[in-house]
Number of protein chains: 2
Amino acid sequence: MLNHGAVDRIFHALGDSNRRAIVERLSRGTMSVSDLAKPLDITLAAVVQHLQVLEESGLVRTEKIGRVRSCQLEPGGLRVAEDWLSNRRGLWERRFDRLGELLDGPERPNPTPRKKTKT
Amino acid sequence: MLNHGAVDRIFHALGDSNRRAIVERLSRGTMSVSDLAKPLDITLAAVVQHLQVLEESGLVRTEKIGRVRSCQLEPGGLRVAEDWLSNRRGLWERRFDRLGELLDGPERPNPTPRKKTKT
DNA sequence: TCCATACTTAAGTATCTGCTTGACCATCTA
DNA sequence: TAGATGGTCAAGCAGATACTTAAGTATGGA
């Protein structure tokens, strides 16, 4: 399971609940490492390690100013994950619609915006 | 990190690349366990274990018909993850916009991190 | 009935992960 | 300049995780 594309790193990073908690807090605003650590019931060092993972995955950007490291969300990272999910869901739901058509005619209450059929 | 809400289970499940590969294939159509296993370079038993995790997280539904277990995607599971992500991103981007307005216009690429106030 | 197919389950293992401790460095404030 | 504050780094450990093997069950077909 040693893959390591961008998507892999992002979903791996989001797989941990403390890291998701960090993303959650950062979505409400930029924050220092020790501010992030405060409500987290783990040591500062552990938070730093989580931040490393988050930064390598592209979900978070950090910048050190003086002795304080300021952390902020990188929305593009979230976007990548979101897109992966919505593409998969889209594929499935389109397939499902087509099956519905086959089974009982063109009576779909949910009009999927159809573009060109690829493949 | 022994949380275990729905979101936790879903992101944990998506954290593994083989499990994501399974979701990927299932997004293209219903499939049996051994069909899923074929391109995966791990044993059938391992695939069954991954499917267990996916099913418990609500990302996949399976049904046994005769001796074949047929697996399909549960789009609602993907939806939960998607929503979590887009909510966080939304929060961040809305904050970002507001800050941009405050500063001087709708196009601030780099919000200056404020550092002077203590407490 | 016999064999193959399609899983299922349990037990064991190697590797990974999250976390801690403790020593350390850099910056700020009095 | 001294001490406090904020963060960094490395080593090590316990438990989680992904995986394997091996033995077993249920179903389908000849």
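Chain naming here is simple, since letters A, B, ... match the order of the sequence lines and numbering starts at 1 in each.
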**Student:** Side chain to side chain contact (heavy atoms under 4.5 Å, CB included) with A/S57: which residues, sequence neighbours excluded?
**Tutor:** A/R9, A/I10, A/A13, A/L59
**Student:** So, is B/N18 close to the D/dC19 phosphate, meaning a side-chain N or O under 4.0 Å from OP1 or OP2?
**Tutor:** yes
**Student:** Looking at residues at least two apart in the chain, or sitting in another chain, which of them share a side chain to side chain contact (heavy atoms under 4.5 Å, CB included) with B/A46?
**Tutor:** B/I42, B/T43
**Student:** By side chain to side chain donor-acceptor pair (under 3.5 Å), which residues pair with A/R79, not counting sequence neighbours?
**Tutor:** none
**Student:** Please report the distance, rounded to the nearest Å, between CG in B/D16 and P in C/dC16.
**Tutor:** 13 Å
**Student:** Mind checking A/I42 for me? I need base, sugar-phosphate or nothing, with any heavy atom below 4.0 Å counting as a touch.
**Tutor:** sugar-phosphate
**Student:** Just by distance, do the side chain of B/R88 and the backbone of A/E24 share a donor-acceptor pair under 3.5 Å?
**Tutor:** no
**Student:** What is the distance, rounded to the nearest whole Å, between atom CG of B/L54 and atom P of D/dT17?
**Tutor:** 14 Å
**Student:** Between B/L44 and B/Q49, which has a closest nucleotide on DNA chain C that is more 5'?
**Tutor:** B/L44
**Student:** CD of B/E56 versus C1' of D/dT17: gap in Å, rounded?
**Tutor:** 14 Å
**Student:** Can you list every salt bridge (Lys or Arg N to Asp or Glu O under 4.0 Å) pair that touches residues 58-76 of chain B, not counting sequence neighbours?
**Tutor:** B/R61-B/E74
**Student:** How many Å lie between CD on A/Q52 and P on C/dT17, as a whole number?
**Tutor:** 14 Å
**Student:** Under the salt bridge (Lys or Arg N to Asp or Glu O under 4.0 Å) rule, what pairs show up with a residue in residues 45-56 of chain B, not counting sequence neighbours?
**Tutor:** none
**Student:** Salt bridge (Lys or Arg N to Asp or Glu O under 4.0 Å): which pairs involve residues 29-39 of chain A, sequence neighbours left out?
**Tutor:** A/D35-A/K38
**Student:** Is B/H50 close enough to D/dC19 that one of its side-chain N or O atoms is under 4.0 Å from OP1 or OP2 there?
**Tutor:** yes
**Student:** If you measure from OG1 on B/T30 to CZ on B/R25, what distance do you get to the nearest 0.5 Å?
**Tutor:** 12.5 Å
**Student:** Going 5' to 3' along nucleotides 22-30 of chain D, which nucleotides have protein heavy atoms under 4.0 Å from the base (write B), which only from the sugar-phosphate (write S), and which from neither (write -)?
**Tutor:** -----BS--
**Student:** How would you list all residue pairs meeting ring pair (Phe, Tyr, Trp, His ring centres under 6.0 Å) that involve residues 34-84 of chain B, not counting sequence neighbours?
**Tutor:** B/F11-B/W84
**Student:** When you measure from every atom of DNA chain D, which of residues 30-39 of chain B have a heavy atom less than 4.0 Å away?
**Tutor:** none
**Student:** Please state whether the phosphate of C/dT8, meaning OP1 or OP2, lies under 4.0 angstrom from any side-chain nitrogen or oxygen of B/K64.
**Tutor:** yes
**Student:** Ignoring backbone atoms, establish whether A/T43 has a side-chain N or O less than 4.0 Å from OP1 or OP2 of C/dT20.
**Tutor:** yes
**Student:** Calculate the interatomic distance between B/D41 atom CG and D/dA18 atom P; express it in whole Å.
**Tutor:** 17 Å
**Student:** Any side-chain N or O of A/H12 less than 4.0 Å from the OP1 or OP2 oxygen of C/dC16?
**Tutor:** no
